[in-house]
Amino acid sequence: MAKFQAPKGTRDYYPAEMAWRRYLEGAWQRVSIRNGFEEVEGPIFEPLDLYKVKSGEGIVSELFHFTDRGERELAIRPEFTPTLARMVAEKANALSKPIKWFSMPNLCRAERPQRGRLREFLQWNVDLLGTDSPVADAECIYTAVDLLRELGLTPRHVKVKISHRDVVRRILMRFGVAEDKIQDAFELLDRRDKIPAEEFNEQAGKLGLDQSTLERFNQVARMRVGSQAAWDDIAEQFAIPQEDLEDLAALHEQLKAFGIAEWCEYDMGIVRGLAYYTGSVFEVHEVSGAERAIAGGGRYDKLIEMFGGPSTPAVGFGMGDVVLTLVLADKGLLPDDVTPAADVFVLVADDSARCKMNGIVGALRAAGLHTRFSYKTTTNVGKLLKEAGQCRARFAVILDAKTDQQNTVSVKNLQTGEQSETGIGELVPVLKG
RNA sequence: GUGGCUGUAGCUCAGUUGGUUAGAGCAUCGCGUUGUGGUCGCGAGGGUCGGGGGUUCGAAUCCCCUCAGCCACCCCA
């Protein structure tokens, strides 16, 4: 019989991995909720057409798709945004604005796995719909930063790189790029570090840039400006007219007011591949550029209409678990064991007390304590304490020769080593206090 | 989907120019019996050497195919 293994690019979650997943999901959830977002979820598969609306026919080869018994073309979700857009469009009139939703779906993409990318992964999605205020853009970025901070990252480890499509569009047009070439220019900008300089120049030439504007374009495209300085100083560095930067200026003001300027920098090279972004765009990167993007997002004011809903401005981002975990590991910020540690370990040091064990264990559990015991028959306390240590118990409750007759046990604090005798009746208050 | 590298126990790896029943450390499990915790001693289980086919008297070792992993490209929602 052939041995089975997990499909390419998927993961099994053994207790240690599952504990890490729950830990991460716990952080996502905690941060979302304290920032005022509500959790939503949808089906793990949708009509194939749902994904074509946003991304076109080309997306199909990247999807796991199938036909059901009713001849319906379906696809396992590769992203959550179309589901979210569908959900918002369906109840748009009934939902109070702004809509602040988050979700933590597992997603599947039929791509070759490589560093930072698997075929099935988790992604934290945060979306804020129904307002076009830059406060919303800034709040999304703030929420992302809040999560990064929650996991122990600092501005020395990661940066939010921010750009704005309208700003870049104005710059490009001022440099002589025609309206219908803007999308091509975005894509070129996105690839600027992946292609040789000559090819970049050649491609840029086709967009209508001449030698001098090309140089300035290149300069702006590669410029990174920290967001801590005063806006006038930042604007000056870009060396383009102030009025072209007004959208970024508005966002800057909000980021500064949220107190996260040191986490952010402006980078006109960030455009995101997606055509549907309409305003701000941003990505979270490890500072040295060692890994791919930790998170990415931006404003997409036209998307809800594309899914048949009313005109609804929106901004949001997605953060995958794979790159995030890699970065935390790179920085030594992965906690070594996040499986639930036991509160109490009950051990039997004398066979006469064995009849009392189940009752004590049950009473402790009924009081809400995470209680474990040994399945071994030995009364070797050394071995049993070792076992207690392995499940990281805070206390050991030792049942000895006096337990059966006098209803007393010894309680050992496994952190301090202190040990004292106590009556079974006082056990719960002693352990909880 | 394309290309490169890799594949021996749960993990990290040994395994001499193809030569008898494939090893170590860690981990796991057991024992070391009136005992108090990440020691120590002894012992056990666990691999058809990723899988299949071929060359050969003989393959973990050479060849082909396949699967998986890693890395890059495509793409990155």
Side-chain angles (χ1 to χ4, degrees), chain A residues 1-12 14-16 46 50-56 58-63 75-85 105 107-119 121 123 125 127 187 190-191 194-195 271-277 281 283 291-298 300 303 306 316-320 322-323 326 336-337 345 347-353 374-401 410-420:
Chain A
M1 198 57 198
K3 286 181 191 166
F4 291 105
Q5 51 191 172
K8 182 200 284 266
T10 65
R11 294 170 287 186
D12 292 326
Y14 288 88
E46 290 272 11
L50 187 77
Y51 301 112
K52 293 187 191 169
V53 169
K54 185 179 141 202
S55 310
I59 197 69
V60 176
S61 65
E62 304 295 332
L63 298 180
I76 300 175
R77 60 188 178 188
E79 57 170 326
F80 190 71
T81 308
T83 298
L84 177 123
L107 306 175
C108 292
R109 298 177 185 176
E111 296 174 302
R112 268 281 175 91
Q114 56 186 285
R115 186 171 179 83
R117 180 196 280 184
L118 297 172
R119 286 188 160 185
F121 55 96
Q123 190 183 67
N125 282 257
D127 292 277
E187 280 162 30
D190 196 32
R191 293 165 47 79
K194 289 186 176 177
I195 58 179
V271 287
R272 314 266 314 142
L274 284 306
Y276 68 84
Y277 285 114
V281 285
E283 291 179 354
E291 307 286 355
R292 48 182 84 236
I294 297 165
Y300 50 98
L303 196 67
M306 289 170 68
F317 69 88
M319 177 184 290
V322 183
V323 177
L326 281 173
D336 44 52
D337 190 354
F345 191 91
L347 58 90
V348 176
D350 190 283
D351 282 320
S352 69
S374 180
Y375 294 86
K376 292 188 173 84
T377 53
T378 183
T379 53
N380 183 327
V381 176
K383 276 191 194 310
L384 295 170
L385 283 174
K386 181 180 177 183
E387 198 176 336
Q390 281 173 337
C391 59
R392 308 192 332 281
R394 291 188 296 120
F395 292 101
V397 168
I398 303 168
L399 280 52
D400 55 29
S410 291
V411 174
K412 177 164 182 149
N413 182 320
L414 292 170
Q415 262 113 56
T416 64
E418 282 175 68
Q419 185 168 330
S420 61

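Naming: A, B, ... by sequence-line order, numbering from 1 per chain.
In this structure, B:rG32 is classed as anti because its glycosidic torsion departs from zero by more than 90°.
When heavy atoms are screened at a 4.0 angstrom cut-off, A:Lys54 is found touching the sugar-phosphate backbone but no base atom. Counting any heavy atom pair closer than 4.0 Å across all strands shown, A:Thr81 reaches no nucleic acid atom. The residue A:Leu107 sits apart from the nucleic acid: no heavy atom pair falls under 4.0 Å. Using a 4.0 Å heavy-atom criterion, one finds that A:Gln419 contacts the bases of the nucleic acid, with or without backbone contacts as well. A:Lys52 comes within 4.0 angstrom of nothing in the nucleic acid, heavy atoms only. Heavy atoms of A:Leu384 sit nowhere under 4.0 angstrom from any nucleic acid atom. Within the nucleic acid shown, A:Asp351 has no heavy atom closer than 4.0 Å to any nucleic acid atom. Residue contacts shown for A:Gly417 include a base, since a base heavy atom lies under 4.0 Å away. Across all strands, A:Gly9 comes closer than 4.0 Å only to sugar-phosphate atoms, never to a base (heavy-atom distances). Residue contacts shown for A:Ala388 are absent, as no nucleic acid heavy atom lies under 4.0 Å away.
In this structure, CZ in A:Arg272 is found 12.5 Å from OH in A:Tyr300, a value given to the nearest 0.5 Å. Rounding to the nearest 0.5 Å places CZ of A:Arg117 at 4.0 Å from CD of A:Glu111. To the nearest 0.5 Å, atoms NZ (A:Lys412) and CG (A:Leu385) are separated by 5.5 Å. One finds the CZ atom of A:Phe395 at 7.5 Å from the CD atom of A:Gln415 (value rounded to the nearest 0.5 Å).
In this structure, the side chains of A:Asn413 and A:Val411 stay at 4.5 Å or more apart for every pair of heavy atoms.
Between B:rU8 and B:rG25, the distance separating the two C1' atoms is 15 Å to the nearest Å. Rounded to whole Å, the C1' atom of B:rC40 lies 47 Å from the corresponding atom of B:rG52. Between the P atoms of B:rC73 and B:rU55, the separation comes to 41 Å (whole Å). Nucleotides B:rU21 and B:rG58 place their C1' atoms 15 Å apart, quoted to the nearest Å. B:rA22 and B:rG51 have their P atoms separated by 15 Å, given to the nearest Å. Separating the P atom of B:rG45 from that of B:rG38 is a span of 27 Å, rounded to the nearest Å. A gap of 14 Å separates the P atoms of B:rU48 and B:rC11, to the nearest Å. Atom name C1', nucleotides B:rC13 and B:rU6: the rounded distance is 14 Å, in whole Å.
For the pair A:Glu418 CD and B:rU36 P, the interatomic distance rounds to 19 Å; values are reported in whole Å. Atom CD in A:Glu111 sits about 14 Å away from atom P in B:rC71, given to the nearest Å. Look at NZ on A:Lys376: it is 16 Å from P on B:rU33, rounded to the nearest Å.
Residue A:Gln114 places at least one side-chain N or O under 4.0 Å from the OP1 or OP2 atom of B:rA72. Contact annotation: A:Lys412 side-chain N/O to B:rU36 OP1/OP2 distance is not under 4.0 Å. For A:Arg115, a side-chain nitrogen or oxygen approaches OP1 or OP2 of B:rC71 to under 4.0 Å.
When Watson-Crick and G-U wobble pairs are counted only if both distances are under 3.5 Å, B:rC57 pairs with B:rG19. Pairing for B:rC26 is with B:rG10, a Watson-Crick or G-U wobble pair whose two hydrogen-bonding atom distances lie under 3.5 Å. Judged by Watson-Crick or G-U wobble contacts below 3.5 Å, the nucleotide B:rG35 has no partner. The partner of B:rC70 is B:rG4, by the rule that a Watson-Crick or G-U pair needs both atom distances under 3.5 Å.
Comparing A:Thr378 and A:Arg272 along RNA chain B, the residue whose closest nucleotide (by nearest heavy atom) sits nearer the 5' end is A:Thr378. For the pair A:Gln415 and A:Thr377, nearest-nucleotide mapping onto RNA chain B gives the more 5' position to A:Thr377.
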Restricting to nitrogen or oxygen on both sides, can you table the protein-nucleotides 3-11 of chain B pairs closer than 3.5 Å?
from  : atom 1 : to       : atom 2 : distance (Å)
B:rG3 : O6     : A:Arg112 : NH1    : 3.1

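With hydrogens and angles ignored, a donor-acceptor pair under 3.5 angstrom links the side chain of A:Arg117 to the base of B:rC76.
A salt bridge between A:Arg109 and A:Glu79 is absent, with no side-chain N of the basic residue lying under 4.0 Å from a carboxylate O of the acidic one.
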